[in-house]
Chemist: 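Below you'll find the structure I mean.
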Amino acid sequence: MSEIPQGFEFDVIIVGGGHAGCEAALASSRLGARTLLTSLNLENIATMPCNPAIGGPAKSNLVREVDAIGGEMGLAADATYLQMKMLNRSKGPAVRALRAQSDKKEYMKYMRNVLEKQENLFLKQCSAVDLIVRDNKICGVIDELGHKYLAGAVVLTTGTSLSGKIFIGLQSFPAGRLGEMPAIGLSGALEREGITVKKLKTGTPARVDSRTVDYSKTTIQPGDEELNFFSFEPDRPIREQIPCYLTRTTRQTHEIILANLDRSPLYSGLIQGIGPRYCPSIEDKVVRFSERESHHIFIEPEGRDTYETYIQGFSTSLPADVQLKMLRSLPGLENVWIVKPAYAVEYDYVPAVQLSHSLMTKQIEGLFCAGQINGTSGYEEAAAQGLIAGINAARLVERKSMITLSRSSSYIGTLIDDLVTKDIEEPYRMLTSRSEYRLVLRQDNADERLTPLGYRIGLISKERWARFKDKQRTIKKEITRLHKTRVSPDEEINGTLARYNEEIKMNYSLAELIKRPGLNYEAVKKIDKTAQNADFPREIREQVEVQLKYSGYIERQNAQIDQAGKLEKIKIPEDIDYQGIIQLSQESRDRLSKIRPVNLAQASRIGGVNPADISILLVILESKRRMLVRTSDYNKMS
Ligand SMILES: Cc1cc2nc3c(=O)[nH]c(=O)nc-3n(C[C@H](O)[C@H](O)[C@H](O)COP(=O)(O)OP(=O)(O)OC[C@H]3O[C@@H](n4cnc5c(N)ncnc54)[C@H](O)[C@@H]3O)c2cc1C
């Protein structure tokens, strides 16, 4: 164990032990900062209050990126899965997505164990109720017993707990999650320091007893036979997989919902916070898509040693008696027993336009926010932000420069840029469509994109770095070999190619053949007579194939990135007075003054700032730059 703290002084304090808090605490302590992690209930570290699953479209990219930089989520998901599934397998690599059904309790135990064993990290169960701020700099937090904890950086990762209020039908009570108290005090402290706090809402379905489900009326959803993992680390555990099941809503379900809408806190106006558009409640789905006769409902296990089962797609805030009727109208659930009711929660968040790309607040130096508090929803989004905030908090106290990720480098960069640039008014979820560079930001190449950063800042070990370099060398060598190896048409080769409805009439390189729609690396291997065609691990074979097959698209996207990079390079001075630029529309002046973009590319992404405004800014920045050059030339001469 690290040296026991004598007082209450730390380098970094993390408030909240959810997915953002865990990554932030691990990153900060692994980078050498003495870190305190406080949470309302240490038994609930890294809990999944909603779906017991990690990954899925775009979210799997985030998990792989977290892993590539040296975070923990991928390792935790690999160690505790009940089932692994590669979604969109038949589609292009940009949208393929790994999803793990997780053992919720095991996941929490795994993370708690990692946190406890981590050097430089101390855990404390308490509620941070106030902030200590001096001269716009954070100095620490105060807990509910009045204890002061001092630090040069504080990361708030309070999830849905800030002034949380749960709704079940028309009943409501203060709580951050079912069975956990809300965090009271911090919202007021933030507002006192000039930080705006607003409300959002989210909801979760009921948990039922699996012994009361008749699975013979449902469709089994097994995991993949050929396993994939999140972490780029080798030797991931092979575990027995547990299936999920599929059922559906019926006409009766829809009738029950429609007949009880007046008992919904959402429809009766009791909840004011806006909910997640991409994860709507079942009543929202039935009302908004009234033409649909049925919706898919997945029955997902929560663990190996529990009967508690999650009903995915059935989130609701209708009263408990209505929930029971609704559930019992689903095929297979006619006699179901509810273990925990569905509920909605309304909570305070800090609109992230008040943060810079490092996730530090612009208002208070050293105060960072990450996860659901920034208006996002989802474990993966939280973990990704936690990692960046934890890294930057540790770097701040060491007086090192902040790490920021560009949109073209990662989904993490895209997520953070969206949060700090766009005024988000509903829970933000990562989607592949949010990235303009999704062909190059694939889950399969997250290590290539981000492990060099992880190594440079000190989160990737020397051994892992050596393995990474070796992998990249092998991929490059094999691609070069496939370009160089040429085949000529003959009976044997065309006989093999005919099996794939392909044929050659002249010489081709193997690389050219892989690009053909009917062929892939495995198929080309059958006509590759060179001895070097060793049996590479699947991750290498996949990389070689993706890089060759999609090389045209990837090159085009890289050119697009270079083009966009030109605007990124035009920095905007921090002290620019937008209100004084009368050529800009008033809306642009207001939006730019509020968000204060760091460069012209970010300015161009702000809603309400149109291309004409960007041209005006470009001219003004250019003339300012020229004036500066002229002044410095004059100074040099005189
Ligand atoms: C009811 C519900 C439904 C959800 N539905 C969805 C969904 O449909 N889709 C989806 O993607 N995500 C959903 N989520 C969100 C998902 O759970 C979160 O996005 C994710 O867990 C956020 O991670 P986090 O680390 O930001 O916060 P959390 O995981 O919520 O962790 C916050 C932690 O901070 C602690 N804490 C809070 N305040 C204090 C304080 N003042 N002092 C000390 N500790 C404090 C809490 O105890 C908790 O441990 C839902 C969450 C809930 C509760």
Side-chain angles (χ1 to χ4, degrees), residues 13-25 36-56 58-59 62 73 108 111-112 123-131 141-144 149 154-168 175-187 189-190 200-206 275-281 310 312-317 340-349 369-387 389 427-430:
I13 296 172
I14 314 293
V15 177
H19 303 280
C22 289
E23 293 295 346
L36 173 73
L37 172 66
T38 69
S39 207
L40 294 179
N41 183 351
L42 287 180
E43 307 314 314
N44 287 348
I45 287 283
T47 193
M48 299 182 193
C50 201
N51 212 345
I54 299 285
K59 289 167 174 266
L62 288 172
M73 180 172 254
M108 292 163 72
M111 204 52 107
R112 169 88 189 243
L123 307 186
K124 181 92 184 181
Q125 179 163 309
C126 65
S127 173
V129 297
D130 204 351
L131 301 171
V141 299
I142 304 176
D143 75 7
E144 75 277 35
Y149 303 85
V154 170
V155 185
L156 299 181
T157 68
T158 51
T160 52
S161 305
L162 270 195
S163 314
K165 193 172 179 189
I166 280 183
F167 293 82
I168 303 175
R177 312 189 276 224
L178 200 60
E180 199 174 276
M181 55 187 180
I184 304 295
L186 265 190
S187 296
L190 286 163
L200 285 176
K201 81 110 193 164
T202 188
T204 193
R277 184 193 318 201
Y278 303 101
C279 224
S281 64
Y310 179 86
Q312 203 222 301
F314 217 62
S315 150
T316 179
S317 51
K340 291 175 186 163
Y343 65 94
V345 60
E346 192 174 45
Y347 55 94
D348 287 348
Y349 79 106
C369 294
Q372 192 111 3
I373 189 176
N374 287 345
T376 58
S377 106
Y379 315 130
E380 305 80 358
E381 288 84 346
Q385 295 168 66
L387 176 68
Y428 178 101
R429 176 187 177 158
M430 205 13 128

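In each ligand, atom 1 is the first atom listed, and ligand 1 is the first ligand listed. Any value given below was found using the heavy atoms of this structure, including those in side chains, with hydrogens, waters and symmetry copies removed.
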Chemist: For a quick test of reading the model, state the closest non-hydrogen atom pair linking Y379 to I54 and the distance between them.
Modeler: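 Heavy atoms of Y379 and I54 come nearest at CD1-CD1, 4.1 Å.
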Chemist: K59: heavy atom below 4.0 Å from ligand 1, yes or no?
Modeler: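 Contact present.
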Chemist: Number the atoms of ligand 1 from 1 as they appear, then name those within less than 4.0 Å of a heavy atom of Y379, with their elements.
Modeler: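 By the 4.0 Å cutoff, the relevant atoms are 16 (C), 17 (O), 20 (C), 21 (O).
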Chemist: Can you name the closest pair of heavy atoms from A128 and L186 and give their distance?
Modeler: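 Smallest interatomic distance, heavy atoms only, reads O-CG, 3.3 Å.
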Chemist: In ligand 1, which numbered atoms sit nearer than 4.0 Å to a non-hydrogen atom of Y343?
Modeler: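 Near Y343, the atoms of ligand 1 are 1 (C).
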Chemist: Select the closest option to atom 53 (C) of ligand 1 among I45, I14, T160, judged by heavy-atom distance.
Modeler: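 Ranked by closest heavy atom to atom 53 (C) of ligand 1, first place is T160.
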Chemist: Strictly below 4.0 Å, N to O, side chains only: are E381 and K59 in salt-bridge contact?
Modeler: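 Here E381 pairs with K59 in a salt bridge, since their nearest N and O are under 4.0 Å apart.
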Chemist: Are any of the N or O atoms of S161 closer than 3.5 Å to those of ligand 1?
Modeler: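 No, no N or O pair falls under 3.5 Å.
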Chemist: For atom 42 (N) of ligand 1, which protein heavy atom lies nearest, and how many Å away is it?
Modeler: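 Scanning the protein heavy atoms, the shortest distance from atom 42 (N) of ligand 1 goes to A128 N, 2.9 Å.
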Chemist: Under 4.5 Å between any side-chain heavy atoms of L178 and I166, yes or no?
Modeler: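 Yes. Closest side-chain heavy atoms under 4.5 Å.
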Chemist: Looking only at non-hydrogen atoms, find the nearest pair between C22 and G17 and report the distance.
Modeler: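 Minimum heavy-atom separation between C22 and G17: SG-O, 3.8 Å.
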Chemist: Side chains of T316 and S281: any donor to acceptor distance under 3.5 Å?
Modeler: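 S281 vs T316: no donor-acceptor pair found between side chains.
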Chemist: Are the side chain of E23 and the backbone of M73 linked by a donor-acceptor contact shorter than 3.5 Å?
Modeler: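 Checked: pair present.
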Chemist: Starting from atom 13 (C) of ligand 1, what is the nearest protein heavy atom, named by residue and atom, and what distance separates them?
Modeler: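 Ranked first by proximity to atom 13 (C) of ligand 1 is C50 CB, 3.9 Å.
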Chemist: Which ligand 1 atoms are under 4.0 Å away from a heavy-atom of T38?
Modeler: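 Those qualifying, in numeric order: 43 (C), 44 (N).
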Chemist: Consider every N or O of N44 and every N or O of ligand 1, then say whether any pair is closer than 3.5 Å.
Modeler: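 Such a contact does not occur with ligand 1.
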Chemist: Just need the protein heavy atom nearest to atom 17 (O) of ligand 1, so name the residue and atom and give the distance.
Modeler: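 Its nearest protein heavy-atom neighbour is P49 CG, 3.1 Å.
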Chemist: Does any non-hydrogen side-chain atom of E180 lie less than 4.5 Å from one of N44?
Modeler: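 Sidechains of E180 and N44: in contact.
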Chemist: Tell me the protein heavy atom at minimum distance from atom 9 (N) of ligand 1, and give that distance in Å.
Modeler: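 Among all protein heavy atoms, the one nearest atom 9 (N) of ligand 1 is C279 SG, 3.8 Å.
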Chemist: Looking only at protein heavy atoms, which one is nearest to atom 23 (O) of ligand 1, and how far off is it?
Modeler: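 The closest one turns out to be A382 CB, 3.2 Å.
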Chemist: I'd like to check whether G203 has a polar contact with ligand 1, where a contact means an N/O of the residue lying under 3.5 Å from an N/O of the ligand.
Modeler: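 Indeed, backbone or side chain, G203 has an N or O that close.
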Chemist: Among all protein heavy atoms, pick out the one at the shortest distance from atom 36 (N) of ligand 1; state its residue, atom name and that distance to 0.1 Å.
Modeler: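 Looking only at protein heavy atoms, the one closest to atom 36 (N) of ligand 1 is L40 CG, 3.7 Å.
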Chemist: So for H19, does at least one of its heavy atoms come nearer than 4.0 angstrom to any atom of ligand 1?
Modeler: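 Per 4.0 Å heavy-atom rule, H19 contacts ligand 1.
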Chemist: Can you list the ligand 1 atoms lying under 4.0 Å from a non-hydrogen atom of V345?
Modeler: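 Every atom of ligand 1 under 4.0 Å from some heavy atom of V345: 1 (C).
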Chemist: Select one of side chain, backbone, both or neither to describe which atoms of C126 lie under 4.0 Å from any atom of ligand 1, heavy atoms only.
Modeler: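 Within the 4.0 Å criterion, C126 contacts ligand 1 through backbone atoms alone.
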Chemist: Quick one: nearest non-hydrogen protein atom to atom 31 (O) of ligand 1, plus distance?
Modeler: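 The protein heavy atom lying closest is G18 CA, 3.2 Å.
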Chemist: Under 3.5 Å, N or O to N or O, is G378 touching ligand 1 that way?
Modeler: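 Yes; the residue has a nitrogen or oxygen that sits under 3.5 Å from a nitrogen or oxygen of the ligand.
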Chemist: Return yes if some donor-acceptor pair links the side-chain N/O of Y347 with the main-chain N/O of I373 below 3.5 Å, else return no.
Modeler: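 No, because the side chain of Y347 does not come within donor-acceptor range (under 3.5 Å) of the backbone of I373.
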Chemist: What about T157: any of its N or O atoms under 3.5 Å from an N or O on ligand 1?
Modeler: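 Yes: some nitrogen or oxygen of T157 is under 3.5 Å from one in ligand 1.
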Chemist: Please name the pair of heavy atoms, one in P182 and one in S163, separated by the smallest distance, quoted to 0.1 Å.
Modeler: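 Heavy atoms of P182 and S163 come nearest at CB-C, 4.5 Å.
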Chemist: Taking N or O atoms only and a 3.5 Å limit, does T376 qualify as a polar contact for ligand 1?
Modeler: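 N/O-N/O distance below 3.5 Å does not exist for this pair.
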Chemist: Which atoms from ligand 1 have a heavy atom of G371 less than 4.0 Å away?
Modeler: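 With G371 as reference, the close atoms of ligand 1 come out as 26 (O).
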Chemist: Looking at side-chain heavy atoms only, is the closest gap between T157 and I14 below 4.5 Å?
Modeler: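 SC-SC contact between T157 and I14 confirmed.
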Chemist: Can you find an N/O atom of T202 closer than 3.5 Å to an N/O atom of ligand 1?
Modeler: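 Right, the criterion is met.
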Chemist: Evaluate the side-chain proximity of R112 to L42: yes if any heavy-atom separation is below 4.5 Å, no if none is.
Modeler: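 The answer is yes; the side chains approach within 4.5 Å.
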Chemist: Can you tell which of L36, L156, L131 makes a side chain to side chain contact (heavy atoms under 4.5 Å, CB included) with V15?
Modeler: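 Testing V15 for a side chain to side chain contact (heavy atoms under 4.5 Å, CB included) against L36, L156, L131 leaves exactly one candidate, L156.
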Chemist: Consider only side-chain N and O atoms of Y149 and D143, and report whether a donor and an acceptor are under 3.5 Å apart.
Modeler: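 Short answer, yes.
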Chemist: Number the atoms of ligand 1 from 1 as they appear, then name those within less than 4.0 Å of a heavy atom of A183, with their elements.
Modeler: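 Listed by number with element, the hits are 38 (N), 39 (C), 41 (N).
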Chemist: Looking only at heavy atoms, is any part of A20 under 4.0 Å from ligand 1, and if so is it the side chain, the backbone, or both, or is it neither?
Modeler: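 Answer for A20: both.
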Chemist: Would you call E346-K201 a salt bridge at under 4.0 Å N-O?
Modeler: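 No salt bridge links E346 with K201.
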Chemist: Taking atom 29 (O) of ligand 1 as the point of reference, which of R177, Q372, E381, Q312 owns the nearest heavy atom?
Modeler: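 Selected option, by shortest heavy-atom distance: R177.
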Chemist: How far is atom 27 (O) of ligand 1 from the closest protein heavy atom, and which atom is that?
Modeler: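 Among all protein heavy atoms, the one nearest atom 27 (O) of ligand 1 is G159 CA, 3.1 Å.
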Chemist: For the residue pair T47 and R177, establish whether any side-chain heavy-atom pair is separated by less than 4.5 Å.
Modeler: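 Result yes, sub-4.5 Å side-chain heavy-atom pair found.
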Chemist: Would you kindly say whether S377 and Q372 are connected by a side-chain donor-acceptor distance under 3.5 Å?
Modeler: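 No pair is found: no donor N or O on one side chain lies under 3.5 Å from an acceptor on the other.
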Chemist: I'd like to check whether L186 has a polar contact with ligand 1, where a contact means an N/O of the residue lying under 3.5 Å from an N/O of the ligand.
Modeler: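 Checking ligand 1 against L186, no N or O pair falls under 3.5 Å apart.
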Chemist: Can an N or O of E180 be found at a distance shorter than 3.5 Å from an N or O of ligand 1?
Modeler: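 Yes.
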